[in-house]
Undergrad: 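Got a structure here, written out as structure tokens. Questions coming.
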There are 2 protein chains.
Amino acid sequence: MNLQEGKEKFISTWGTVGSNWGINRTMAQVHALLLISNDPLSAEEIMEELQISRGNANMNIRALIDWGLVYKGHKPGERKEFFTAEKDMGEVIKKVIVQRKKKELEPMIKTLDEISAVEGLCKDSEAFCKVVHDIKLFSTKADKTLDQLIRSDSNWFLSTFLKMIK
Amino acid sequence: MNLQEGKEKFISTWGTVGSNWGINRTMAQVHALLLISNDPLSAEEIMEELQISRGNANMNIRALIDWGLVYKGHKPGERKEFFTAEKDMGEVIKKVIVQRKKKELEPMIKTLDEISAVEGLCKDSEAFCKVVHDIKLFSTKADKTLDQLIRSDSNWFLSTFLKMIK
DNA sequence: TTATAATTTCAAAAACTAATGAAAGTTAAT
DNA sequence: ATTAACTTTCATTAGTTTTTGAAATTATAA
């Protein structure tokens with residue numbers, strides 16, 4: 001495997017990882033391409049490199065910017081936009097967590113709260129009551145932990161892992 | 001919202017949560033139904049309750065058993081199989097992690113190792129070399145942490161969260 | 001062993017998700 | 001104000017994943 005092949009493999013792998021984390025394959029590949037690119041790239045260059053259409057490139061660059069994983073920039077004398085990726089992996093993970101928490105965890109907690117409010121829940125179905133309670137407990141804890149994480153500095157991961165493994 | 005509506009809402013919510021975690025919607029709904037059911041259910045009852053086909057029910061029950069989230073059982077005098085869900089949420093999460101780790105993290109680490117082996121990686125592309133290195137570091141750490149977690153007892157979550165938040 | 005109840009398989013259909021590309025909309029330099 | 005470079009939108013098309021249901025297989029009771 002040479003450098004070029006390595007880059008291609010990386011882009012494709014990051015695409016797979018992303019799609020397992022609720023980030024569409026192309027979105028993750030655009031991010032990967034920008035991650036390993038020394039200089040900012042234009043939409044045109046991204047299209048060319050990944051062999052994707054203009055619309056597709058635009059949509060996914062946009063989504064990456066929304067997630068805070070990619071930044072928009074300009075080069076002096078050039079009219080078009082140039083894009084760079086967030087390269088600090090701690091930040092990348094934090095930003096993914098922010099999105100997933102918002103999209104998944106928060107709505108789930110809200111629903112569990114609504115269900116818990118059902119009259120006579122525990123009286124009428126013990127199993128149901130217990131499951132709802134357990135999941136609520138766990139997800140509330142997860143929610144609080146993730147909040148801490150999001151607020152923490154970039155070295156958080158390292159230190160937490162050490163704490164966890166210790 | 002009454003008990004019946006609550007149960008339906010729970011099944012549908014758990015389906016959504018699951019599909020965000022690489023578990024197909026129906027598979028998660030079958031799990032949810034078994035979670036909140038006081039007694040073991042037969043395939044027939046699951047089909048009826050969730051309004052799904054025999055094939056679909058079978059496939060997803062099978063997958064849940066493979067993941068260790070559902071257990072197969074028998075009732076005396078009955079020929080058909082009855083199913084129960086793993087109800088300990090700590091165990092549920094552990095089992096999901098085992099699957100996702102195997103499917104995602106391990107192949108990624110393998111690929112990153114292959115890429116790292118590329119001759120002159122760091123000499124020829126600094127950005128690429130750094131990114132690969134960073135992700136490798138992080139994912140190896142995650143891998144080890146998850147191994148610890150999988151081996152740990154069910155109260156691990158509680159204690160770890162307390163450690164994290166402290 | 002035979003009949004039959006239950007489970008499994010899998011090709012085809014349906015449902016869902018992502019990508020294309022042409023047209024519409026913006027923006028900025030002249 | 002006009003034009004040309006660039007970006008965004010979105011209806012259509014392509015690709016992927018899930019579900020169905022009927023047929024094949026397996027297991028049990030008589």
Side-chain angles (χ1 to χ4, degrees), chain A residues 11-12 14-34 40-67 70-84 99-100 103-104, chain B residues 11-12 14-34 40-67 70-84 99-100 103-104:
Chain A
I11 290 170
S12 132
W14 203 237
T16 305
V17 171
S19 74
N20 284 321
W21 281 90
I23 294 162
N24 109 17
R25 176 176 308 286
T26 307
M27 183 169 162
Q29 289 186 345
V30 171
H31 183 240
L33 175 62
L34 292 173
L41 301 180
S42 66
E44 211 75 35
E45 289 167 315
I46 292 169
M47 287 163 58
E48 167 66 21
E49 198 75 43
L50 301 179
Q51 292 292 303
I52 58 174
S53 71
R54 185 169 298 286
N56 196 9
N58 181 266
M59 297 281 248
N60 286 297
I61 292 168
R62 205 66 25 219
L64 284 164
I65 292 172
D66 286 347
W67 281 43
V70 160
Y71 307 110
K72 196 193 312 201
H74 290 274
K75 283 189 186 175
E78 293 260 27
R79 182 156 152 197
K80 54 170 163 275
E81 297 169 332
F82 285 83
F83 306 97
T84 34
Q99 299 296 324
R100 298 202 60 171
K103 202 181 88 186
E104 295 170 39
Chain B
I11 290 170
S12 134
W14 202 238
T16 306
V17 171
S19 74
N20 284 320
W21 280 89
I23 294 162
N24 107 19
R25 175 177 311 285
T26 307
M27 182 171 162
Q29 289 186 344
V30 172
H31 183 240
L33 175 62
L34 293 173
L41 300 180
S42 67
E44 211 76 35
E45 288 166 317
I46 293 170
M47 287 164 59
E48 166 66 22
E49 198 75 43
L50 301 178
Q51 291 293 305
I52 58 175
S53 71
R54 185 170 298 288
N56 196 9
N58 182 265
M59 298 279 247
N60 286 297
I61 293 169
R62 203 64 28 218
L64 284 164
I65 292 172
D66 286 347
W67 281 43
V70 160
Y71 307 110
K72 195 192 315 201
H74 290 274
K75 281 189 188 174
E78 292 260 30
R79 183 155 151 196
K80 50 170 165 277
E81 296 170 332
F82 285 83
F83 306 97
T84 35
Q99 299 296 323
R100 298 202 60 169
K103 201 181 91 186
E104 295 169 39

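It should be emphasised that the depicted structure is a prediction, and the values quoted were computed from it without experimental measurement.
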Undergrad: Are B:N24 and D:dT19 close enough that a side-chain N or O sits under 4.0 Å from OP1 or OP2?
TA: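 So the side chain of B:N24 is within the cut-off, an N or O lying under 4.0 Å from OP1 or OP2 of D:dT19.
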
Undergrad: Whole angstrom is fine here: how far is it from CD1 in B:I65 over to P in C:dT8?
TA: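 Going from B:I65 (CD1) to C:dT8 (P), I get 8 Å.
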
Undergrad: Flag the pair B:E81 / B:I61 as yes when at least one side-chain heavy-atom distance between them is below 4.5 Å, and no otherwise.
TA: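 Side chain of B:E81 against side chain of B:I61, heavy atoms only: no contact under 4.5 Å found.
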
Undergrad: For B:N58 and D:dT26, what is the distance between atoms CG and P respectively, to the nearest whole Å?
TA: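 Distance check: B:N58 CG to D:dT26 P gives 14 Å.
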
Undergrad: Would you mind reading off the distance between B:Q51 atom CD and D:dT18 atom C1', rounded to a whole angstrom?
TA: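 Interatomic distance, CD of B:Q51 to C1' of D:dT18: 17 Å.
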
Undergrad: Contact class for A:N56 vs. all strands (heavy atom < 4.0 Å): base, sugar-phosphate, or nothing?
TA: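 Since a base atom lies under 4.0 Å of A:N56, the category is base.
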
Undergrad: Can you identify which nucleotide, out of D:dT7, D:dA27, D:dT20, has its nearest atom closest to the B:I52 side chain?
TA: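 Between D:dT7, D:dA27, D:dT20, the one nearest the side chain of B:I52 would be D:dT20.
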
Undergrad: When all nucleic acid strands are considered with a 4.0 Å heavy-atom cut-off, which category describes B:E44: base, sugar-phosphate, or nothing?
TA: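 B:E44: no heavy atom of the nucleic acid under 4.0 Å.
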
Undergrad: In whole angstrom, give the distance that lies between atom CE of B:M59 and atom P of D:dT17.
TA: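 After rounding, the reported distance stands at 14 Å.
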
Undergrad: Is the closest side-chain heavy-atom distance between A:R54 and A:E44 below 4.5 Å?
TA: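 Heavy-atom side-chain distance check passes, below 4.5 Å.
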
Undergrad: Nearest whole Å is fine: how far is C:dT8 C1' from B:K72 NZ?
TA: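 To the nearest whole Å, that distance equals 11 Å.
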
Undergrad: Side chain of A:A43, heavy atoms from C-beta onward: which of C:dT7, D:dT7, D:dT20 has the nearest atom to it?
TA: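 Minimum distance to the A:A43 side chain belongs to D:dT7.
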
Undergrad: Among D:dT20, D:dT9, C:dA19, which nucleotide sits nearest the side chain of B:S53?
TA: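 Of the candidates, D:dT20 comes closest.
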
Undergrad: CG of B:L50 versus P of D:dT18: gap in Å, rounded?
TA: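 Computing the B:L50:CG to D:dT18:P distance gives 16 Å.
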
Undergrad: Find the distance B:R54:CZ to D:dA23:P and express it as a whole number of Å.
TA: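 One finds 14 Å between P of D:dA23 and CZ of B:R54, rounded.
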
Undergrad: Quick one: are A:I46 and A:L34 in side-chain contact, heavy atoms under 4.5 Å?
TA: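 When only atoms from C-beta onward are counted, A:L34 and A:I46 do touch, with a gap below 4.5 Å.
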
Undergrad: Both A:F82 and B:G55 contact DNA chain D. Taking the nearest nucleotide for each, which residue is further toward the 5' end?
TA: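 Whichever sits nearer the 5' end wins; that is A:F82.
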
Undergrad: Compute whether any side-chain donor of one residue and acceptor of the other, for A:Q29 and A:T26, lie under 3.5 angstrom apart.
TA: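 Result is no, nothing qualifies.
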
Undergrad: Take the protein atom CD of B:E81 and the nucleotide atom P of D:dT26, then report the distance between them rounded to whole Å.
TA: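 Rounded to whole Å, this separation is 15 Å.
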
Undergrad: Hey, does the side chain of A:T26 come within less than 4.0 Å of C:dA19's phosphate (OP1/OP2), counting only N and O?
TA: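 The answer is yes; a side-chain N or O of A:T26 sits under 4.0 Å from OP1 or OP2.
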
Undergrad: Is the distance from OP1 or OP2 of D:dT8 to the nearest side-chain N or O of A:R62 less than 4.0 Å?
TA: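 Yes, such a contact exists.
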
Undergrad: Do B:R79 side-chain and C:dA6 base share a donor-acceptor contact under 3.5 Å?
TA: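 There is none.
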
Undergrad: Are A:K72 and A:F83 side-chain neighbours, meaning at least one heavy-atom pair lies under 4.5 Å?
TA: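 Yes; the side chains approach each other to less than 4.5 Å.
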
